[in-house]
Amino acid sequence: MSIADPDFIKALPKAELHLHIEGSLEPELMFELSKRNNIEIPFTSVEEIRAAYKFHNLQSFLDIYYQGASVLIHEQDFYDLTMAYLQRCREDNVVHAEIFFDPQTHTERGVDIGVVIQGIHNALKDAKSEWGISSHLILCFLRHLSEEDAIATLEAAKPYLKLIKGVGLDSSELGHPPSKFKNVFAMAKALGLERVAHAGEEGPAEYIKEALDILDVSRIDHGVRCVEDKTLMEHLKEKNIPLTVCPLSNTALCVYDHMSEHPILDLLEQGLCVTVNADDPAYFGGYVNRNYLALSEGLGMTKAQAKQLALNSFKASYISEGQKQKWAEAIASIETIAEA
Ligand SMILES: Nc1ncnc2[nH]cnc12
Ligand SMILES: [Zn+2]
């Protein structure tokens, strides 16, 4: 079986399940919005912004990421940001996206949560009607803040719950275990929301277990440090718990020095439901197809493996069984054409 090339990767319909909309803010739009909204950023050009994107761990990235998000003020800004991402989905043949947003990053600057949600939602609606891209929205709590703050955020989101599929947990992982958010996740469950959490990115395998046992999540974001606990790996496999893995993020944040060290294909071969995602594509060097390609280049990912990863992305999503079946058939037919 041959290595998956850019044309094969592009031909595969894909779902993206781990994408922070604030992390898709390209320097060009950041610069434009800083002028449009009269918000000062410590850069004088797009090139200067890009040059600042050198990270040595998660926190060094988050500091710049939150600063970048400060240019987002109006509903139109959130619409433009989301539309720009969905245009990339179209280019990459991402047909379904489950998108994270960080309301606290905006509400703490005085931006109303309704402005954030409505701006993002309007773009999702337009992309569905214009391009047929389906989507769900996942509200993330910032784990470096308190659980009380997370509960207040969930309360503030209540008028918009029809637009929100689930809740997630992101930001600085070390020192902020999932157990810190036990009550707010229980509240989200009672409201009928799906639950996911970042765990085992920089934090230990123990945080993955906590996310499963205490927060009752159905997916783990990142989760790559599960390799340190064989019993946990067996559990993830047996219970079919997906990991939304982000290869370029992991190398950009020095979780791995080189893509050749990344365990994603080993996990795939061992039967875990791993998926490929971009995390924060404007900061980490590319969107979904670029992540797949990095696996071809760094790990020799075959077409069969790429096909399985694309299939997993739909299996792990919150779309209906009928939709899952439809995309599974589309993927199978693409393999036939490409292999003929
Ligand atoms: N990779 C990541 N880990 C934790 N929080 C994040 N917020 C945006 N990207 C993140
Ligand atoms: Zn993430």
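In this text the structure is predicted, and so the values were computed from the model without any measurement. Just so you know, ligand 1 is whichever comes first in the structure, and atom 1 is the first atom listed for that ligand.
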Atom 5 (N) of ligand 1 sits nearest the protein heavy atom S171 N, 2.8 Å
What is the closest protein heavy atom to atom 3 (N) of ligand 1, and at what distance does it sit? E201 OE1, 2.8 Å
With the threshold set at 4.0 Å, does a side-chain nitrogen-carboxylate oxygen contact exist between R290 and E297? yes
For Y283 and Y65, take the angle between the two ring planes, folded into 0 to 90°, and tell me which bin it lands in: parallel under 30, tilted 30 to 60, perpendicular over 60. perpendicular
shortest atom 1 (N) of ligand 1-to-protein heavy-atom contact is with D279 OD2, 2.7 Å
Please state whether the rings of H136 and H96 are parallel, tilted or perpendicular, taking 30° and 60° as the class boundaries. perpendicular
Parallel, tilted or perpendicular: which one describes the rings of H144 and Y66, with boundaries at 30° and 60°? tilted
Using non-hydrogen atoms of the residue, decide whether F100 is closer than 4.0 angstrom to ligand 1. no
Note, the Zn ion (ligand 2) has protein N, O or S atoms under 2.8 Å numbering 4
Considering residues, nucleotides and ligands other than K182, do more than 12 of their heavy atoms fall under 6.0 Å from its NZ? no
For L62, state whether at least one heavy atom is located under 4.0 Å from any atom of ligand 1. yes
What residue and heavy atom of the protein are closest to atom 9 (N) of ligand 1, and at what distance? D280 OD2, 2.6 Å
Can you pull out the closest protein heavy atom to atom 7 (N) of ligand 1? Residue, atom name and distance to 0.1 Å, please. H20 CE1, 3.5 Å
Can G23 be said to touch ligand 1, with heavy atoms closer than 4.0 Å? no
Under 30°, 30 to 60°, or over 60°: which ring-plane class applies to H20 and H198, parallel, tilted or perpendicular? tilted
Where ligand 1 meets F61 - atom numbers and elements under 4.0 angstrom, heavy-atom basis: 8 (C), 9 (N)
Under 4.0 Å from one or more heavy atoms of H222, ligand 1 contributes atoms 1 (N)
